[in-house]
Amino acid sequence: DKTSMFSRKKSKSKSSRSEVDAALEEEILQTFHTFADEDDQEIMSLDGIGRLGEALDMDPSSDVRLLVLLWRLGSSQKPGCITKTEFVKGMKDIGASTVTDLINKSPSFDPGFLDKGDFRDFFRFVFQFSREGTHKTIEKEIVASLLPIVLDRNRAPHLEYFLQFLESCNHTVITLDQWDSFLQFQDSVGVDLAHYDDDGAWPLLLDEYVEWRREKSK
């Protein structure tokens, strides 16, 4: 009868869809295992991420698009790596399964396309991803190398001055609050330090930066 015919068609399309899903997942897993750690096939650490970057024609030491890709894939469980579970789910979410797919999508990993809210999330991700083990802070030398990769003058007019300040300041590590606040500072305080409130709630690091700028301009 018509009812059984309809349900047969429905179950057939359902099974063919699950076959497509299974084939897609298998393709994604193949991509993952190409770059996964030899010792632990459940994770892709910095070495594998570096090799993935090279396969995508992205320099792992300087191409911000690789960081955007890791953020979009949902790397969050541990710093400096992406798990198999995160990779599989993330690749499905962005509609990719192979290195070729990722190469074709690479223009969309330019952070210039991110709106302010998404960029703020991405910026925070970069800090969390760049931590070592259980450390809650990042050494200022690493911060000084990351900031020019992640930010440009449009997003961070204070960047060049701040990098000079970091070289001379006494702080040896940077906290997540200081990192986040530096991005907010760009929108709130002009590069000429207009709108800076001496009684504002900025972290001490940024107050010291303003003091350093004022001293330099005397």
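Just so you know, these numbers use all the heavy atoms, side chains as well, and skip hydrogens, waters and symmetry mates.
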Exercise for review: Go through the steps to decide whether Arg214 and Asp198 satisfy the test salt bridge (charged side-chain N to carboxylate O under 4.0 Å, His left out), and finish with yes or no.
Suggested key: CA-CA 12 Å; Arg214 286 172 173 167; Asp198 285 290; 3.0 Å; yes

Practice item. Decide side-chain contact (heavy atoms from CB on, under 4.5 Å) for Asp207 and Glu211; before the verdict, give the C-alpha distance in whole Å, the side-chain angles of both, and the deciding distance to 0.1 Å. Key: CA-CA 6 Å; Asp207 289 335; Glu211 206 175 299; 5.9 Å; no

Practice item. Give the intermediate values and the outcome of side-chain contact (heavy atoms from CB on, under 4.5 Å) for residues Ser181 and Leu206. Key: CA-CA 8 Å; Ser181 297; Leu206 291 171; 3.8 Å; yes

Point to revise | Pair Asp187-Lys116, salt bridge (charged side-chain N to carboxylate O under 4.0 Å, His left out): steps then yes or no | key: CA-CA 10 Å; Asp187 291 330; Lys116 199 172 278 190; 3.8 Å; yes

Review point. Stepwise, does the side-chain contact (heavy atoms from CB on, under 4.5 Å) test hold for Ser106 with Met58?
Key: CA-CA 9 Å; Ser106 62; Met58 297 177 189; 3.6 Å; yes

Exercise for review: Tell me, with the steps shown, if Lys136 and Thr175 meet side-chain contact (heavy atoms from CB on, under 4.5 Å).
Suggested key: CA-CA 7 Å; Lys136 300 283 187 211; Thr175 66; over 6 Å; no

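Between Thr172 and Glu139, the closest side-chain pair of non-hydrogen atoms is not below 4.5 Å. Annotation: side chain of Leu166 is in contact with side chain of Ile174 (closest heavy-atom distance under 4.5 Å). Considering only heavy atoms from C-beta on, Ser76 comes within 4.5 Å of Glu86 through its side chain. Side-chain contact between Ile82 and Phe129 is absent, with no heavy-atom pair separated by less than 4.5 Å. At least one side-chain heavy atom of Gln164 sits under 4.5 Å from a side-chain heavy atom of Lys216. Counting heavy atoms from C-beta outward, Leu102 and Met91 have side chains that approach closer than 4.5 Å. In this structure the side chain of Ile103 never reaches within 4.5 angstrom of the side chain of Asp57, judged on heavy atoms. Under the 4.5 Å side-chain criterion, counting only non-hydrogen atoms from C-beta, Thr85 is not in contact with Phe32.
Glu208 CD: more than 12 foreign heavy atoms inside a 6.0 Å radius. In this structure, Phe119 places its CZ atom where more than 12 heavy-atom neighbours from other residues, nucleotides or ligands lie under 6.0 Å away. For CD of Gln184, the number of neighbouring non-hydrogen atoms (other residues, nucleotides, ligands) closer than 6.0 Å is greater than 12.
With no hydrogens or angles considered, a side-chain donor-acceptor pair links Gln41 and His33 at under 3.5 Å. For Asp59 and Ser61, the side-chain atoms include at least one donor-acceptor pair closer than 3.5 Å.
Between Asp93 and Lys89 there is a salt bridge, with a side-chain nitrogen of the basic residue lying less than 4.0 Å from a carboxylate oxygen of the acidic one. In summary, Lys140 and Glu167 do not engage in a salt bridge, as defined by a charged side-chain N under 4.0 Å from a carboxylate O. Between Glu54 and Arg51, no side-chain nitrogen of the basic residue sits less than 4.0 Å from a carboxylate oxygen of the acidic one, so the salt-bridge criterion is not met. We find that Arg65 and Asp110 are not joined by a salt bridge, their nearest charged nitrogen and carboxylate oxygen being 4.0 Å or further apart. A salt bridge is absent between Lys92 and Asp21; no separation between the charged side-chain nitrogens and carboxylate oxygens falls under 4.0 Å.
Ring centroid separation for the pair His158 and Tyr209 comes in under the 6.0 Å cut-off.
How far CZ of Phe87 is from CG of Leu70: 9.0 Å, rounded to the nearest 0.5 Å. With rounding to the nearest 0.5 angstrom, the CG atom of Asp121 is 9.5 Å from the CG atom of Leu114. Here Asp47 contributes atom CG and Asp37 contributes atom CG; the two are 7.0 Å apart, rounded to the nearest 0.5 Å. Atoms OG and CG, on Ser168 and Leu163 in that order, are 11.0 Å from each other to the nearest 0.5 Å. For the atom pair CD (Glu42) and OG1 (Thr83), the distance works out to 8.0 Å, reported to the nearest 0.5 Å. Expressed to the nearest 0.5 Å, how far NZ of Lys78 lies from CD1 of Ile43 amounts to 5.0 Å.
The backbone N or O of Trp71 lies less than 3.5 Å from no partner atom in the side chain of Ser75, so there is not a single donor-acceptor pair. Without hydrogens or angle criteria, Ser108 side chain to Lys105 main chain gives a donor-acceptor distance under 3.5 Å. The main-chain N or O of Pro157 is never found under 3.5 Å from a side-chain atom of Arg153 such that the two would form a donor-acceptor pair. A donor-acceptor distance shorter than 3.5 angstrom exists from the side chain of Gln186 to the backbone of Phe182, with no hydrogens or angles considered. Counting only distance, with no hydrogens or angles, the side chain of Asp101 and the backbone of Thr98 share a donor-acceptor pair below 3.5 Å. Although no hydrogens or angles enter the test, the distance criterion places a donor-acceptor pair under 3.5 Å between the side chain of Arg213 and the main chain of Val191.
Nearest heavy atoms, Pro107 versus Phe113: O-CE1, 3.2 Å. Residues Gln178 and Leu205 come closest through the heavy atom pair NE2-CB, 3.8 Å. Across every non-hydrogen atom of Pro203 and Asp177, the tightest pair is CG-OD2, 3.6 Å. Scanning all heavy atoms of the two residues, the minimum distance from Pro148 to Leu159 falls at CA-CD2, 4.1 Å. Residue Trp212 comes nearest to Tyr161 through the heavy atom pair CZ3-O, 3.4 Å, listed as atom of the first residue, atom of the second, then distance. When all heavy atoms of Ala55 and Phe35 are compared, the closest pair comes out as CB-CZ, 4.0 Å.
Between Phe162 and Phe165, the angle of the ring planes lies from 30° to 60°, which puts this pair in the tilted group. Ring planes of Phe123 and Trp179: parallel class, angle under 30° (limits at 30 and 60°).
By the rule that hydrophobic residues join a cluster once side-chain heavy atoms approach within less than 4.5 Å of another member, Leu67 and Leu176 end up as members of one cluster. Linking ILVMFWY side-chain heavy atoms closer than 4.5 Å, directly or via other members, places Met44 and Leu46 in a single hydrophobic cluster.
Screening Leu146, Val150, Ile138 against Phe127 for a side chain to side chain contact (heavy atoms under 4.5 Å, CB included) leaves a single residue, Ile138.
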